[in-house]
Amino acid sequence: MLATPLLAAPLTRAALEPMIVAPYALGAPVNDKGVWTLLNSGGGEAGYVFETGPLAPLPGFSGQPIDMLVMLDREGRFIDVRLVSQNEPIFVSGLGEAPFRAFLEQYRGHAISEPLVVGTPYGSGGAASDNVYLDGVTKATASVRIAHESILAATLAVAREKMQGISAGPPPRPDPAQNQELDWKDLLDQGLVTRLVVSEGQLDVAFAGTRWAGDGTGGDPDTPFIDLYAIDLGPPAIARAVLAPGTLAEVQRFTARAPDDELYLLIEAGRHGLVSEDFVRNTAPDRISATQDGLPLALRDADILPDLAKDVPQHLDDATRMIVRLDRRLGFDPTREWQLSLQAVRLHGQFQPEVGETHFTVALRTPERFFLRPEAPKPLSPFGEALRNRAVDLVALAGFLAVLIAALLAQSRLAGLRAFTPVRLSILAFVIGFIGFWGQGQLSVVTILAVIRGVTTGGLEVLLYDPFGLLVWAAAILGFLLWGRGFFCGWLCPFGALQEFAHHLGRLLHLPQVEPPASLARALLWTGPAALIALIAVAIAAPEHAETVAEVEPFKTAITVHFDRPWPYVLWAGGWLAVSMVWFKGFCRSLCPLGAAMRVGGLIRLRRWIPRRAECGTPCQLCRVRCRYGAIAKTGEIRYSECFQCLDCVKIHDDPGTCVPLVLAARRERRVK
């Protein structure tokens with residue numbers, strides 16, 4: 001039985017600390033699953049840092065999870081995503097880790113509240129989509145999707161437990177249909193104006209017992225220190241009731257540019273004044289803060305100087321006024337209660353005075369009727385997302401496979417074409433270019449090992465990340481049942497097609513053609529099964545070395561990464577192509593472990609698709625002599641486990657000018673006449 005995927009223990013503090021980017025520092029552990037608090041430069045809690053492996057151990061193609069380190073601030077925004085460990089075949093010894101690390105850098109600055117998608121937008125409507133598209137890695141689409149799903153799953157797990165209020169769904173938006181006529185009195189009567197009043201006496205009480213107790217103004221205790229009015233400007237009806245036409249137009253222009261920002265009008269008629277004298281417009285107010293669900297909200301000045309509507313009380317025209325904004329994409333929901341806090345400051349002492357502070361908080365909430373809450377779109381499954389991203393490729397592949405299968409079902413007509421060889425080479429060129437280099441549909445024994453691991457450990461979903469390869473596998477299995485190994489090995493394998501072109505090049509160069517003695521050829525038939533058994537044994541006994549021994553297949557080097565690898569791999573793959581110039585498809589006929597697995601098709605195929613005559617083998621040996629695969633016995637019997645369905649023998653069988661029994665029969669008929 002195969003071993004279950006080994007999950008590494010979460011990183012220790014000593015291993016984690018060097019990975020934390022400045023100005024942050026590692027705090028205390030939150031749980032035993034690798035979640036830690038993240039501290040800012042002042043020692044305050046700034047967010048969380050965690051590994052994806054322990055929280056979301058989604059298996060990759062190697063059967064092991066991809067482990068990444070995520071740094072998340074308290075607003076749900078990615079500070080950094082770093083690779084800890086991975087064993088994906090394409091990155092271990094193919095592309096290298098550099099493009100994978102570059103992919104992870106794209107998360108910085110994005111929030112978990114954003115619908116992050118790996119891929120590219122389709123059609124003219126892509127630019128208007130709510131989705132945030134992350135560029136994948138060419139030739140490693142499935143692996144980066146697995147990594148993406150791991151990041152989202154782990155981050156949402158932390159967000160649900162530690163950062164309530166961050167929503168991954170679409171935020172509510174003001175409903176333009178709620179356009180009733182309102183005035184200031186209506187706003188007050190319907191509770192659409194939130195007011196906070198704090199007198200000088202209440203301020204004195206707040207500082208009582210501190211060294212700042214005697215630092216007040218000493219004025220009338222009933223005089224308002226804070227007289228705050230807070231009004232949501234998101235709903236058009238409310239904004240129209242409280243703003244002058246010029247300011248209303250400016251607000252409308254602002255919301256057109258930033259449709260996800262919720263604007264609030266703050267009017268402060270007391271002594272507090274909302275901000276300090278050092279405040280810079282279009283930045284975060286220095287004496288105002290906001291929270292929702294215990295998490296801080298990013299509050300920012302909208303840089304709009306508001307004028308009020310005519311029916312707003314006159315004394316508010318002389319008050320401090322500002323418009324602030326909150327981003328609904330970061331999880332802010334104006335229909336749920338949130339808190340606005342004003343900081344009150346007192347100074348003690350004349351020279352380098354000591355600063356004391358206290359806070360006064362008011363709860364706000366806008367009625368649900370003013371908003372539309374779009375239904376959260378159901379996220380596509382990884383398979384669905386992969387289908388969407390490769391829809392054009394899949395349609396083209398499905399069409400090609402349908403035509404190819406239909407042609408092979410009518411094999412006599414195909415083999416009988418005068419231009420059969422050019423047609424076959426055109427098909428093989430398409431297989432190399434489209435299925436191999438472009439589509440990355442080169443099947444490999446690594447997938448078989450992944451299926452074996454998945455059956456025993458529950459990780460078969462890894463196959464769904466590559467629908468292109470899955471469709472090639474489906475076609476190969478169908479051909480496997482109809483014809484045995486010949487359909488894939490003879491028509492669908494990109495590396496096999498490369499070898500065939502290498503053979504034709506060798507013929508053009510007039511290189512000598514070598515064919516091993518019959519005894520050696522029969523012995524070489526066992527090298528592929530031996531390689532397959534060795535691979536399975538390593539996958540069971542030492543799974544950490546499975547990817548290394550799988551390099552016996554040159555497919556990754558030649559097809560997946562286009563020979564862009566260190567020289568030993570290039571020499572191995574190129575060497576087999578060179579061998580094929582003088583020994584027809586030498587790798588396929590000897591060492592290929594995938595081909596060895598495909599040989600089983602010779603036993604379970606559903607039909608004997610190659611026609612034979614009584615004279616085949618006795619006395620005629622023409623098909624056997626011309627079979628470049630050595631798949632025909634002296635008796636004329638077809639060894640289907642070795643047949644690549646090249647159709648050469650079918651062409652001979654159906655050609656009355658080539659097939660010896662047909663030629664002799666024609667001669668006898670002419671003599672009789």
Side-chain angles (χ1 to χ4, degrees), residues 20 22-28 37-47 73-75 194-230 264-292 294-306 315-326 338-364:
I20 307 302
Y24 300 97
L26 189 64
T37 56
L38 193 65
L39 306 180
N40 57 28
S41 57
E45 190 172 295
D73 69 19
R74 289 183 61 84
E75 295 173 8
T194 301
R195 189 177 183 187
L196 171 66
V197 179
V198 178
S199 67
E200 293 283 357
Q202 291 173 304
L203 180 64
D204 290 337
V205 171
F207 280 107
T210 70
R211 67 182 63 194
W212 298 277
D215 295 313
T217 62
D220 184 354
D222 294 328
T223 300
F225 170 67
I226 296 174
D227 189 4
L228 174 70
Y229 297 81
Y264 280 82
L265 172 65
L266 303 181
I267 307 173
E268 209 290 284
R271 187 169 63 84
H272 181 275
L274 292 177
V275 293
S276 72
E277 296 178 354
D278 299 325
F279 170 69
V280 177
R281 298 201 66 83
N282 203 27
T283 64
D286 54 355
R287 289 185 180 170
I288 309 173
S289 60
T291 60
Q292 189 171 53
L295 298 174
L297 297 173
L299 191 70
R300 190 178 180 88
D301 173 43
D303 199 16
I304 298 174
L305 298 175
H315 74 280
L316 296 183
D317 279 333
D318 300 324
T320 301
R321 305 184 302 275
M322 72 183 303
I323 295 178
V324 296
R325 54 179 175 165
L326 291 160
W338 62 283
Q339 295 74 38
L340 187 69
S341 181
L342 275 66
Q343 178 196 51
V345 175
R346 279 185 176 179
L347 303 178
H348 180 73
Q350 298 296 321
F351 180 70
Q352 292 185 340
E354 296 180 80
V355 179
E357 64 179 41
T358 188
H359 294 82
F360 298 97
T361 301
V362 63
L364 298 89

For Y264, all residues meeting ring pair (Phe, Tyr, Trp, His ring centres under 6.0 Å), sequence neighbours excluded: W338
Output yes when a side-chain donor or acceptor of R321 lies under 3.5 Å from a complementary backbone atom of P306, and no otherwise. yes
Identify, with sequence neighbours excluded, every residue that meets side chain to side chain donor-acceptor pair (under 3.5 Å) alongside T320. none
V324 to P285 - nearest heavy-atom pair and separation: CG1-CG, 4.1 Å
Closest heavy-atom pair, A208 versus A213, reported as atoms and distance to 0.1 Å, is CA-CB, 4.2 Å
Atom CG of L316 and atom CG of L265: how far apart are they, to the nearest 0.5 Å? 9.5 Å
What one should report as the nearest heavy-atom pair of A269 and A319 is CA-CB, 3.7 Å
Indicate the atoms forming the closest heavy-atom contact of W212 with V355, along with that distance. CZ2-O, 3.3 Å
With E45 via side chain to side chain donor-acceptor pair (under 3.5 Å) - residues at least two apart: Y48, R74
If the condition is side chain to side chain donor-acceptor pair (under 3.5 Å), which residues does R346 pass it with, not counting sequence neighbours? D204
Those residues at least two apart in sequence (or on a different chain) that pass salt bridge (Lys or Arg N to Asp or Glu O under 4.0 Å) with D303 are R281
With sequence neighbours excluded, what pairs up with A206 under the side chain to side chain contact (heavy atoms under 4.5 Å, CB included) test? T358, F360
The reported gap from CD1 in I226 to CD in E200 (rounded to nearest 0.5 angstrom) is 9.5 Å
Partners meeting side chain to side chain contact (heavy atoms under 4.5 Å, CB included) with P224 (sequence neighbours left out): D227
Partner residues of S289 under the side chain to side chain contact (heavy atoms under 4.5 Å, CB included) criterion, sequence neighbours left out: S341
Give every residue pair that meets the side chain to side chain donor-acceptor pair (under 3.5 Å) criterion with at least one member in residues 217-226, sequence neighbours excluded. none
Do I288 and M322 make a side-chain contact, defined as non-hydrogen atoms from C-beta onward lying under 4.5 Å apart? yes
Interatomic distance, L228 atom CG to L340 atom CG [nearest 0.5 angstrom]: 6.0 Å
Could you check whether any side-chain N or O of E357 sits under 3.5 Å from a backbone N or O of V345, counting only pairs where one atom can act as donor and the other as acceptor? no
For R287, which residues count as a salt bridge (Lys or Arg N to Asp or Glu O under 4.0 Å) partner, sequence neighbours excluded? none
From L364 atom CG to L326 atom CG, the distance as rounded to the nearest 0.5 Å: 10.0 Å
Looking only at heavy atoms, what is the nearest atom pair of P353 and G349, with distance? CB-O, 3.1 Å
Are L196 and H272 close enough that some pair of their side-chain heavy atoms sits under 4.5 Å apart? no
Can you measure from CG (L266) to CD1 (I323) and round to the nearest 0.5 angstrom? 9.0 Å
Heavy-atom closest pair (V198 atom, Q202 atom, distance to 0.1 Å) is CA-OE1, 3.2 Å
Summary of salt bridge (charged side-chain N to carboxylate O under 4.0 Å, His left out) pairs that have at least one residue in residues 208-218, sequence neighbours excluded: R211-E354
Taking only residues two or more places apart in sequence or in another chain, which ones pass side chain to side chain donor-acceptor pair (under 3.5 Å) with Y24? none
